**Student:** 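Here's a structure for you.
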Amino acid sequence: MGGFLGSGKTTIIKQLIRGLVNDGKTCAVIENEIGDVGIDDVLIGEAGLTVTPLFGGCVCCQITGDLMTAVHRIQDEISPDWVVVEMTGLALMDSIRDTFEEYGGPGFKIHTVSVVDMSRWIHLMGALAVVFDNQVEGADVVFLNKTDVAAPVPETYEIIGQKAPGAVISCLDAAKKEPGPLWAELLRCIGEHEGGMKK
Ligand SMILES: Nc1nc2c(ncn2[C@@H]2O[C@H](COP(=O)(O)OP(=O)(O)OP(=O)(O)O)[C@@H](O)[C@H]2O)c(=O)[nH]1
Ligand SMILES: [Mg+2]
């Protein structure tokens, strides 16, 4: 899961893993070290999750090293149904996807999710166009988050849709959303994206 700093990735991941665990699935979470809101110990204890902090900050620079090592270790040691990776806010989606495709190995299925902060996206798109565009372009699913602060308008879908052709776009206010619906919504979006690719 990628998306700019503070867009709501950790908030969404916390909701997703609660829903996922309620659904009887196992998961591991890989967190970057940037950001002051982590996946808290209480949640980890409750859900039986493993969090592997990556050394250093920028996943882009380290992706061929630490990240894949962490993913393989998790696969070997606990073999969860899902591995959820929170990328740093500046990570580029296409380099992450390429690396997972190259080093992930057989049986490894990748779903890329980009979180866009509705309260700041227009500003970010102007000021950090390269990062913004790359994070959205490479996504299978785009979550428009913080819709309680700024609701998307038809032009929002048009612009994001042009930047992310083929991505399934879904609206959230992750701070409020119940865990079950958010996990179900992600599965729905992934299914819709895969269905679209087969056509
Ligand atoms: N109003 C509102 N606030 C939200 C929503 N989702 C997340 N937030 C808040 O946004 C802030 C940042 O959320 P995080 O989940 O830490 O964002 P992040 O993308 O993980 O941040 P970094 O890891 O630092 O890049 C927190 O104060 C959240 O409570 C939302 O849907 N609406
Ligand atoms: Mg975070």
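Here the structure is a predicted model, which means the values were calculated and not measured. Keep in mind that the numbers below use all heavy atoms, side chains included, and drop hydrogens, waters and symmetry copies. One-based numbering, in listed order, for ligands and for the atoms of each.
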**Student:** Hey, looking at atom 6 (N) of ligand 1, which of Val115, Asn145, Leu144 has the closest heavy atom?
**Tutor:**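 The residue whose heavy atom sits nearest atom 6 (N) of ligand 1 is Asn145.
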**Student:** Please determine if Val149 has a nitrogen or oxygen closer than 3.5 Å to a nitrogen or oxygen of ligand 1.
**Tutor:**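 No: no nitrogen or oxygen of Val149 is under 3.5 Å from one in ligand 1.
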**Student:** For atom 19 (O) of ligand 1, which candidate among Lys176, Lys14, Met118, Lys9 holds the nearest heavy atom?
**Tutor:**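 Shortest heavy-atom distance from atom 19 (O) of ligand 1: Lys9.
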**Student:** Quick one: closest heavy-atom pair of Ala70 and Ile30, and the distance?
**Tutor:** CB-CD1, 4.0 Å
**Student:** Any side-chain to backbone donor/acceptor pair from Lys9 onto Val115? Under 3.5 Å, distance only.
**Tutor:** no
**Student:** When you measure from the Mg ion (ligand 2) to each N, O or S atom of Glu86, which atom gives the shortest distance?
**Tutor:**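 The Mg ion (ligand 2) is closest to the Glu86 atom OE2, counting only N, O or S.
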**Student:** Donor-acceptor pairs under 3.5 Å, side chain of residues 139-154 to any protein atom, not counting sequence neighbours: which ones?
**Tutor:**
from, atom 1, to, atom 2, distance (Å)
Asp140, OD1, Arg97, NH2, 2.6
Asp140, OD1, Thr112, OG1, 3.3
Asp140, OD2, Thr112, N, 3.2
Asn145, OD1, Ala174, N, 3.0
Asn145, ND2, Ser7, O, 3.0
Lys146, NZ, Gly6, O, 2.8
Lys146, NZ, Asp117, OD2, 3.3
Thr147, OG1, Leu172, O, 2.7

**Student:** Considering only distance and modelled atom types, tabulate donor-acceptor pairs under 3.5 Å from the side chains of residues 122-138, sequence neighbours left out.
**Tutor:**
from, atom 1, to, atom 2, distance (Å)
Asp133, OD1, Lys163, NZ, 2.9
Asn134, OD1, Met93, N, 2.7
Asn134, OD1, Asp94, N, 3.3
Asn134, ND2, Asp94, OD1, 2.9
Asn134, ND2, Asp94, OD2, 3.1
Gln135, OE1, Phe4, N, 3.3
Gln135, NE2, Gly89, O, 2.8
Gln135, NE2, Ala91, O, 3.1

**Student:** Taking the non-hydrogen atoms of Glu86, is any one of them nearer than 4.0 angstrom to ligand 1?
**Tutor:** yes
**Student:** Would you check if Glu86 and Val29 make a side-chain contact, meaning some heavy-atom pair closer than 4.5 Å?
**Tutor:**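 Counting from C-beta outward, Glu86 and Val29 never come under 4.5 Å.
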**Student:** May I ask you to check if ligand 1 and Gly6 share an N or O to N or O distance below 3.5 Å?
**Tutor:**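 Looking only at distances, the answer is yes, because the N/O contact criterion of under 3.5 Å is met.
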**Student:** Between Thr11 and the Mg ion (ligand 2), is there a contact where an N/O/S atom of the residue lies under 2.8 Å from the metal?
**Tutor:** no
**Student:** When only distance counts, is Ile12 in polar contact with ligand 1, meaning an N/O pair under 3.5 Å?
**Tutor:** no
**Student:** Identify which of Thr11, Leu172, Leu5 has a heavy atom lying nearest to atom 14 (P) of ligand 1.
**Tutor:**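 Checking each option, the heavy atom nearest atom 14 (P) of ligand 1 is found in Thr11.
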**Student:** Can you sort out which atoms of ligand 1 are near Asp148, meaning under 4.0 Å from one of its heavy atoms?
**Tutor:** 1 (N), 2 (C), 30 (C), 31 (O), 32 (N)
**Student:** Evaluate the ring planes of Phe100 and Phe108, with Trp represented by its six-membered ring, and classify them as parallel (under 30°), tilted (30 to 60°) or perpendicular (over 60°).
**Tutor:** parallel
**Student:** Is a side-chain donor or acceptor of His72 paired with a backbone partner of Met68 at a separation under 3.5 angstrom?
**Tutor:** yes
**Student:** Assess whether a salt bridge exists between Lys109 and Glu194, defined as any Lys/Arg side-chain N lying under 4.0 Å from an Asp/Glu carboxylate O.
**Tutor:** yes
**Student:** Given Gly8, Gly3, Ala175, which has its nearest heavy atom closest to atom 17 (O) of ligand 1?
**Tutor:**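 Nearest option to atom 17 (O) of ligand 1, by heavy atoms: Gly8.
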**Student:** Show which atoms of ligand 1 fall inside a sub-4.0 Å distance from at least one heavy-atom site of Asp173.
**Tutor:**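 Contacts of ligand 1 toward Asp173, numbered from 1: 31 (O).
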**Student:** At a 4.0 Å threshold, what atoms of ligand 1 neighbour a non-hydrogen atom of Thr10?
**Tutor:** 15 (O), 18 (P), 20 (O)
**Student:** If you compare all heavy atoms of Val168 against all heavy atoms of Cys189, which two are closest, and at what distance to 0.1 Å?
**Tutor:** CG2-O, 3.6 Å
